[in-house]
Protein chains: 2
Amino acid sequence: MLGSHTGVTAALEPCGSTDHPDCGIRDVLDRIGDKWSVLVIVELASGVRRFRELQRAIDGISQRMLTLTVRRLERDGLLTRTVYPTVPAQVTYELTARGSGLTHLVKQLADWSLEHKGAIGRSRDLYDEQNPDHAIR
Amino acid sequence: MLGSHTGVTAALEPCGSTDHPDCGIRDVLDRIGDKWSVLVIVELASGVRRFRELQRAIDGISQRMLTLTVRRLERDGLLTRTVYPTVPAQVTYELTARGSGLTHLVKQLADWSLEHKGAIGRSRDLYDEQNPDHAIR
DNA sequence: CGGAATCCAGCGCGATACTG
DNA sequence: CAGTATCGCGCTGGATTCCG
């Protein structure tokens, strides 16, 4: 685990080279790198959800941001939006197969995060302690 | 592949619940979700680099953002900064073991991205075509 | 070369109010 | 319930200038 491979695959090769503005990574990060997308995806990983269910589950999200977030995820084909023309309108959201695939990757990121959370926190404290000058964030 | 597991692990469980502001994911995303960190990590995955080498390799990055980015990555213990007190100052950056671990995850994201890039693009075009009204981005 | 400091534009996102 | 519309602030990040 220590001597992990530093090899880079084709997906990363042309990254940032002069001819390529960036590698494909930015596409994913622009989608899941924002404040809420991942939380929506994670919540939907547990099953179908309605709008208010999502909003209640994802603590702190405004209805505006939830609207925008699910809209973008739908546009990218990561989830499906289903409208039932009932009396009070009812809309459900569900991950597509593509979205579920992303869930798998997100899970790995979450695992990695939890694994290193403590060590990273200690690194930060140590850094801030040794560099009292630049209080970067 | 269709009936992919929707199971969520411990890392994702308490995500966004009322008692937990978020799951650990935000920590990683706050680091790699920004505009440049991933590109720096990817470039360093190929080996040790100097400041200007990074700047030239990562097309479009300003020296300000490169400084801030490597600073934060260093603070999190994802890379090491080495200063050689030569005549014109010389500084090199190198991934730590922890940083290399992240590289592995980033690689998977990049692979996933390339794999679905085409399909996602088509999804977007279709969506925009069917919803000429809201031109969300 | 490798930064630090300053100024400034964009827009991400929150708060609030209104609609079908 | 599930949105849409408007306003405004804060933070990210770009451009420029100066320093050791």
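Below, read A as the first sequence line, B as the second, and so on, with proteins coming before strands; counting in each chain starts at 1. Worth knowing before you read on, the calculation uses all heavy atoms, side chains too, and leaves out hydrogens, waters and symmetry mates.
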Requested in this report: Any chance you could measure Leu39(A), atom CG, to Leu44(A), atom CG, to the nearest 0.5 Å?
Outcome: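 Answer for the CG-CG pair, Leu39(A) versus Leu44(A), is 11.0 Å.
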Could you state the [atom1]-[atom2] distance from [X] to [N], rounded to the nearest angstrom?
| X | N | atom1 | atom2 | result |
| --- | --- | --- | --- | --- |
| Tyr84(B) | dG3(C) | OH | P | 13 Å |
| Glu53(A) | dA2(D) | CD | P | 8 Å |
| Lys35(A) | dC11(D) | NZ | C1' | 11 Å |
| Asp34(A) | dG13(D) | CG | P | 13 Å |
| Asn131(B) | dT4(D) | CG | C1' | 15 Å |
| Leu39(B) | dG13(D) | CG | C1' | 14 Å |
| Leu68(A) | dA2(D) | CG | P | 17 Å |
| Gln55(A) | dT4(D) | CD | P | 13 Å |

Heavy-atom distance under 4.5 Å between the side chains of [X] and [Y], does that happen here?
| X | Y | answer |
| --- | --- | --- |
| Arg31(A) | Ile120(B) | no |
| Gln108(B) | Gln108(A) | yes |
| Leu102(B) | His116(A) | no |
| Phe51(A) | Arg81(A) | no |

Query - Per-nucleotide protein contact string for nucleotides 15-20 of chain D, where B marks a base within reach and S marks sugar-phosphate only (heavy atoms under 4.0 Å, - for neither) - result: BB----
Query raised in the report: Under 4.0 Å: is that the gap between some side-chain N or O of Tyr93(A) and OP1 or OP2 of dC1(D)?
Result: no
**Report entry** Arg71(A) side chain near dT4(D) phosphate (N/O to OP1/OP2, under 4.0 Å)
**Finding:**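 Answer yes for this pair, as a side-chain N or O of Arg71(A) is under 4.0 Å from OP1 or OP2.
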Query raised in the report: Between the two end axes of the helix from dC1(C)-dG20(D) to dG20(C)-dC1(D), each built from 5 base pairs, what angle do you get to the nearest 10°?
Result: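 About 40° separates the two local helix axes.
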Requested in this report: Only one of Asp125(B), Asp128(B), Asn131(B) passes side-chain hydrogen bond (donor to acceptor under 3.5 Å, both in side chains) with Arg75(A); say which it is.
Outcome: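 Checked Asp125(B), Asp128(B), Asn131(B) against Arg75(A); only one passes side-chain hydrogen bond (donor to acceptor under 3.5 Å, both in side chains): Asp128(B).
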Query - Taking every non-hydrogen atom, the tightest pair across Arg50(B) and Tyr93(B) - result: C-CD1, 4.5 Å
Requested in this report: Could you state whether Val83(B) and Val48(B) fall into the same hydrophobic cluster, counting links through intermediate Ile, Leu, Val, Met, Phe, Trp or Tyr residues with side-chain heavy atoms under 4.5 angstrom apart?
Outcome: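 No, separate clusters.
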Listed nucleotide nearest any side-chain atom of [X], set [options]:
| X | options | result |
| --- | --- | --- |
| Arg50(B) | dG2(C), dG13(D), dG3(C) | dG2(C) |
| Met65(A) | dG3(C), dA2(D), dG14(C) | dG14(C) |
| Trp36(A) | dC13(C), dG3(C), dA2(D) | dC13(C) |

Query raised in the report: Looking at Asp111(B) and Lys107(B), does any basic side-chain N land under 4.0 Å from a carboxylate oxygen?
Result: yes
